[in-house]
Every structure is written in C-alpha cells, then in structure tokens.
Amino acid sequence: MVTSVSSFPGYVKQLVNSGIIELEAAERAVKEAHTNHSSILEWFFRNRLATATELAQAVGEEYGLSTIDIDAIDIRPDVADLITDDQKERLKLLPLYRYEGFLMVALADPVCLTNMDDVKFATGLQPYAVIVEYDKLGAHLNAGSGFSGSAASSGMSVSTEAITQNIALDTQELKKNDDAGGEEIEITGFVDKLLAHAINSKVSDIHIEPYEKNLRIRYRVDGILKVIATPPISIASRLTSRIKVLGRMNISERRVPQDGRVRFKLNEKKNIDFRVNTLPTIYGEKVVMRILDSDSATIGIEKLGFDPKQQSDFMDALAKPDGMVLVTGPTGSGKTVTLYTGLGMLNTPERNISTAEDPVEINMPGVNQVNVNPKVGLTFADALRAFLRQDPDIIMVGEIRDLETAEISIKAAQTGHLVLSTLHTNSAPETLTRLLNMGVPPFNIASSVQLIIAQRLARRLCEHCKKRSDIPEEALLDIGFKEDELSKLKVYEAVGCSKCSQGYKGRVGIYEAMPISAAMGRMVMDGANSLDIADQAQKEGVKDLRQSGLEKVRQGVTSITELERITKD
C-alpha cells in the first residue's frame, strides 16, 4: 500500500498536489494497477477521478511533451498507414504527421513511451511523442483510422497538418535548432495558419500564454477554454511580435497592455477581424485575440433561443418609436449578438441608426458605428450627445457604465428615440435596482425602460452522441421539475464524439425577458427592491433564467450539468 505521495509517478503527484484527485483514491489506483498489471491513467479515467484534459496536461507537463487536440488534425492516408491497425491498438498510439525523417506519434498514457522503439522499427522513422486526451485517442483507435478534424472538409486552402507542423513539433528538436542557430521557425506562416484554423474551428477567442517552461495556446469553443498545443517557450517573443506587427501595435513596448486589430483575409471574398490585447505577465506578454465575425454574430431572431412569448415581447419593444431596451448578463453571454439581431430588423433606409461601442465588434452596413476612445476624450456620454444632434431614430450604447451615460440615454428614450443598451447584472429585476443605485431618479426609470432581457449562453448537446440520463426523481424535483411531468420527462447528458467538443456543439440563449408593466413602474417609484420586482414578474408570467433553462432541458437542447453551470449564481 502506498503511504506517501512521493512514491507516486510524477504526473500522479501533480494530480494529487493540485487537488484534482484525493490521496486515498490515488493510493487505491496505484495498488489496483500494480495488482492487475494495468494502467494507472486508465483507472483514473474509467473511475471519473479526473477528466481526459486534466490527465493529458499532467502527463505533458511531467514528461516535457507537447499536448495537442487530436480532433484538430487531418491525418494523411499515407501517414495513417505507416502503422497497421493491429499495431496501433497494441501499442496504444497513433501516427499523426511525418516531417522529413521524423514521425509525430500521439499517445495518452506515459507507459506507452516504451513503445517508441517498436514504432521506429516498424516505420524506419524517428518517432517523437505528443500527448493527447485519453478518450479522443480511444475514439480514433476504435474508428480504425486517423482521419479527423474540420479544416479539410471546409473547402479552405489551409490544412491542419501544416498547423501541426508549426505548433506541435518536437520540443527538443525546436530547442536544438534554436541553440544551434539553425533554421528559423516560420512564424509568419505559423500565425496565418493558426488564425485560419481558429476561424474554421468556430473559435471565439485565442489565448497565447507564456509560462516558465512552455507556451500554452488555448481556444475558447462554445464558451469553454481548451488547450490546443504547448509549443516551446523559445518561440514566444517572436510569435507575440508578429501578432503585434499585424495589429499595428508597438513591438518595442512590453511593459504595458496594448490593444490592436488584425484583419485576416480568409479567402477572396471574406475578411475576418481579430481584436487583439496584450498583457505583460512575469514570463512575457499574454495575447488574447477575439474573433469578430459579423456573419456568425448576426443571426435570425428565431435562432437566438427565445420562447414564443419572449420573442413577442422583444419584437413589441423594438416596434415602439421610443423607450429603452436593456440586455444584461456577464461578459460573453451574447448580449451584443442579441442587440445586433434587433438592429438588423430595424435597419432600413427610412431610419437613422447610430451606435457607440468599445470597440465596434460587428460591422453592419447602413448603421453609423462609433468607437469610443476615452484617451482622446470620446466617451459614451460624448458620443450620445453628438448622436442627439444628428437627428437619430435609434441609438445603441455599448454599455451603460456611469450615471452620466445613463441619464443621457434615458433622456433620449424619453424624447422620441429608441435606445438599446447593456448592463452587467445577474437578472432582469436587478437591472432596475442597479439604475437606482447609479442615481437615476425612479420616475425616469419607470417612464423610459420598456423591456429588460437577462441572458446566458448554454452549450447545445450534440445530436449525434447525447444519451438519456438516468436521474432519480427526487433529484429532478430538487432541480425544479414538477412531479406531474416526471413520468414523461426525458433528460439527456453529454457523451462526446468526433463531431463535437466534449458532448456539445454550438450554443443557445437562455433568457429572462421582462416587460416593465405599470405595476412594476409603480413599485420602482415606491422604492421596491429586486426581490419584490422578481415576485411581481413571476405573477405576470415572466420566466426567470432558471425556468427558461429547465425548458431547454425538457426539449433535449442542453443538459442539467450545463444548466447548473450557467445559472449557479
């Protein structure tokens, strides 16, 4: 029996010390694996003590190997055939990419590192290992071939294999080239391929993060960050400099954050913009790139996720000639997409529409869009004052951050203009009290605000792999379902397959659409708090975020796990 964490393999120590796995569970796993001559990592995964991603990161860090997302790679047939299917299954590894005399090989369990000699003997190539997630490797091995990824099927000219060549080359080989003054890594091509692959993979953000011993690249897909690769730290400064050049930023300034914008030509007909921000950290500059794709950000109102009543309330508010519509929620909850969907319906030659944003994320022809810039004296309030002298019909304010902006927005809403804006609050009732706390007079709030929409984004279950979830009735009742619906209720959970990301694909909005009734207006005038207003909203048939989320679970659109994640506050 293992009695000390120091007796564990290195990656197991990491998992225990980080709190991912309990000491007792690790002891049991090591004992079971030793007794049955089986894999510790497999034991962890099968017993759900750690996720495949956590295991891959721990193994990669312990052995100094790159970790990559195997689903992001298109494996050539000639490479896949270098090792027979029987050998792949026996050795628990998969050939990914051939580069001169080297062969990149994917494995999940570090015990398989002893199989490298077998690979060299079978292929005549020098193998170098990269770490992938256990479940994804298993899916590829079970499929009998290594074909995966989406870039090849998209019609793009950029292949993921080229990205892999640049991102996940053997760490030691890259360091050897650098130390010897060898061939320079082609950073320019690397950045181009990285951006193209991110666009094709439906990524919202790219995170490039330097640490002491490695560089981590992560994608945010459907709101969740996932590690794509961990290249050597030696390329960090050149990679950052290339991105700063593209974003027209000062490459010699590394002490303060900088903002930039990159326009990337995807093909002859389409350009995609990236918003870039750099942040000095103790090991170098972290870079975050937000993809600003106007086509994917503006969708029809039917696809947002409103139920029929919520959609009707939104349409009714947009149809009014004046008043204020507020959309609220945390960063990344889809507020801008909701507002621009509304603007898209209002955008006609007969209307004068102006927006003030920080920054403009979605380009919409026919709309006068202004980037606010406090550094030069152009604030939201300044832009609003200018709008009111420009004969506007509709005004959109990116965010109401202070009393001055709130007062000008409300004044515009009271004088014949439709005003759309956002706030950072957790629910629709809390938005009214937030305006009161800012110092806006109750009468102005009651007379101007027409509709408040609180929203979150929930990941959609993958239609190809979701499965029925067996949950006790008591738990379903605690979650919020009613007893009379349990007999017919079908609840699904995420599984994961080659066509999705961890069992989910895409996102759907969860909404609380609260029209401001006369009764609510009187409550605001009387100084009611958010709880009182929430009670009144329930009486008027307004579904809160939790109730709307439960409806998406009933429909099989999302899972209870995802509902708990987005409505836990």
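In this chain, residues are counted from 1 in sequence order. Computed over heavy atoms, backbone and side chain alike; hydrogens, waters and symmetry mates excluded.
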_Are Tyr134 and Phe45 an aromatic pair, judged by ring center distance below 6.0 Å?_
yes

*Would you please indicate yes or no on a ring centroid separation below 6.0 angstrom for Phe387 and His417?*
no

_Under the rule for salt bridge (charged side-chain N to carboxylate O under 4.0 Å, His left out), what residues qualify as partners of Arg275, not counting sequence neighbours?_
Glu361

*Using the test side-chain hydrogen bond (donor to acceptor under 3.5 Å, both in side chains), find all partners of Glu430 that sit at least two apart in sequence or belong to another chain.*
Ser427

*If you measure from CD1 on Ile40 to CG on Asp109, what distance do you get to the nearest 0.5 Å?*
8.5 Å

*Leu384 CG to Thr379 OG1 distance, which is reported to the nearest 0.5 Å*: 8.5 Å

Is it the case that over 12 heavy atoms from other parts of the model lie below 6.0 angstrom from the [atom1] atom of [X]?
X	atom1	value
Arg98	CZ	no
Lys226	NZ	yes
Glu253	CD	yes

*Is a side-chain N or O of Asn371 found less than 3.5 angstrom from the main chain of Val360, in a donor-acceptor match?*
yes

*Is it true that a side-chain atom of Arg76 and a backbone atom of Val79 form a donor plus acceptor pair closer than 3.5 Å?*
no

*Hey, are the side chains of Leu93 and Leu137 touching, using non-hydrogen atoms and a 4.5 Å cut-off?*
no

*Among Ile21, Thr51, Ile20, the one residue meeting side chain to side chain contact (heavy atoms under 4.5 Å, CB included) with Phe44*: Ile21

*Under the ring-ring contact (aromatic ring centres under 6.0 Å, His included) test, which residues partner Phe274, sequence neighbours left out?*
none

